[in-house]
Structures are given as structure tokens and as C-alpha cells.
Amino acid sequence: MFRQVQALQLFATPLWAQEIAAAERGALEQELLAGVQALAPGPSPVDLYRRAAFARFAALAEAMAENVLQRLQSVQRGMEVVRLEALVEAPGAASPPRVQPNAYLAGLYLLTGVGQWAA
């Protein structure tokens, strides 16, 4: 059916997309939305992984990291979240490029519905 199939390198590093089951995603997004809305306007603290509202997400991020490491057949194990922040942008806004220093893996979770929080 397909004449050619390629793995595309979109960025300097591989991009791993992992879908969360719908039942788990609903509860997770409600917690994240409440957690983000409770933050003060302005730059987010980078230690959100230490807050109860983000605990489920931090555990999920660690599980996703382990999944990627297994697929890469990496000897690295025992990954842990050491930085978690929230960036709220207006609908349609472009997110600025981000650099995660000292990170073996970095992640991004796009959450909708927080626009009413942004001033």
C-alpha cells in the first residue's frame, strides 16, 4: 500500500509520543487544570513535581521515561522528575524554544482549558 516509510527526525533529539488511556487522562487533566489555576500569575515555580496537585503527573512522567529507556535499550535506569513547571499561553500563541540543561530526557504535556487563568 505504501511505497516508502521513513522515520523522521523532527528535532535534534528523537520525539517520543505516548498516549495516555482516556479514563486516566480525564482525571489527570482535572488535577492538572486545578493545580495550574491555583498558581499565582507570572512565571511558574520549577518544583511543581513536589506539589500534591502534580504528583500523579510526575509519577506518570517517570513511568514514561522508563518506557523510553527500555525502548532505547539504555542502561540508564531510575529516572526521576527534577523539574516541572507550567507555562500558560494565550490561545494560538507560539511557545518559545525551551532548553532543559542537565536533562537526559525532557517532556511536554499540552493541557487545554487554562486560558481563563492567564491575565
Side-chain angles (χ1 to χ4, degrees):
M1 174 184 255
F2 300 104
R3 288 181 40 185
Q4 187 177 18
V5 177
Q6 294 179 348
L8 300 176
Q9 187 75 39
L10 299 175
F11 304 102
T13 57
L15 175 67
W16 295 83
Q18 299 185 53
E19 185 174 349
I20 302 168
E24 186 174 353
R25 189 173 59 240
L28 173 70
E29 291 191 355
Q30 286 179 359
E31 288 174 10
L32 289 174
L33 182 60
V36 169
Q37 288 176 330
L39 295 173
S44 162
V46 298
D47 66 346
L48 295 180
Y49 63 95
R50 293 183 174 149
R51 298 181 184 201
F54 299 94
R56 183 194 312 236
F57 179 74
L60 183 62
E62 288 175 359
M64 289 179 153
E66 288 294 330
N67 187 22
V68 169
L69 293 175
Q70 287 175 1
R71 291 176 181 273
L72 290 172
Q73 299 178 348
S74 173
V75 297
Q76 301 291 329
R77 287 293 184 269
M79 301 294 275
E80 64 180 278
V81 174
V82 296
R83 181 183 178 107
L84 176 61
E85 61 187 300
L87 176 63
V88 178
E89 296 286 354
S95 182
R98 312 280 295 170
V99 174
Q100 303 299 334
N102 276 342
Y104 187 76
L105 295 172
L108 170 69
Y109 190 88
L110 300 174
L111 178 67
T112 60
V114 294
Q116 65 272 21
W117 175 82

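This is a predicted model, so every value here is computed, not measured. The chain is numbered in sequence order, starting from 1.
- In this structure, Arg25 contributes its side chain and Ile20 its backbone to a donor-acceptor pair below 3.5 Å.
- Atom-to-atom distance recorded for Leu32:CG and Leu60:CG is 9.5 Å, nearest 0.5 angstrom.
- Other residues, nucleotides and ligands place no more than 12 heavy atoms under 6.0 Å from the CZ atom of Arg71.
- When all heavy atoms of Val81 and Ala61 are compared, the closest pair comes out as CG2-CB, 3.9 Å.
- For the side-chain contact (heavy atoms from CB on, under 4.5 Å) criterion with Met79, the lone passing option out of Met64, Glu62, Glu66 is Glu66.
- The hydrophobic cluster containing Val46 does not contain Val36, counting ILVMFWY residues as joined when their side-chain heavy atoms lie under 4.5 angstrom apart, directly or transitively.
- Atom CD of residue Glu29 and atom CZ of residue Arg56 lie 11.5 Å apart, to the nearest 0.5 angstrom.
- Inter-residue side-chain proximity for Arg50 and Pro45 is flagged as unmet; no heavy-atom pair is nearer than 4.5 Å.
- In this structure, the separation between CD on Gln30 and CG on Leu111 is 11.0 Å, given to the nearest 0.5 Å.
- Hydrophobic clustering (ILVMFWY, side-chain heavy atoms < 4.5 Å, transitive): Phe57 and Val82 are in distinct clusters.
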Evaluation steps, side-chain contact (heavy atoms from CB on, under 4.5 Å), between Leu48 and Leu39: CA-CA 10 Å; Leu48 295 180; Leu39 295 173; 3.8 Å; yes

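- Contact detail for Phe54 and Gly35: the closest heavy-atom pair is CZ-C, 3.5 Å.
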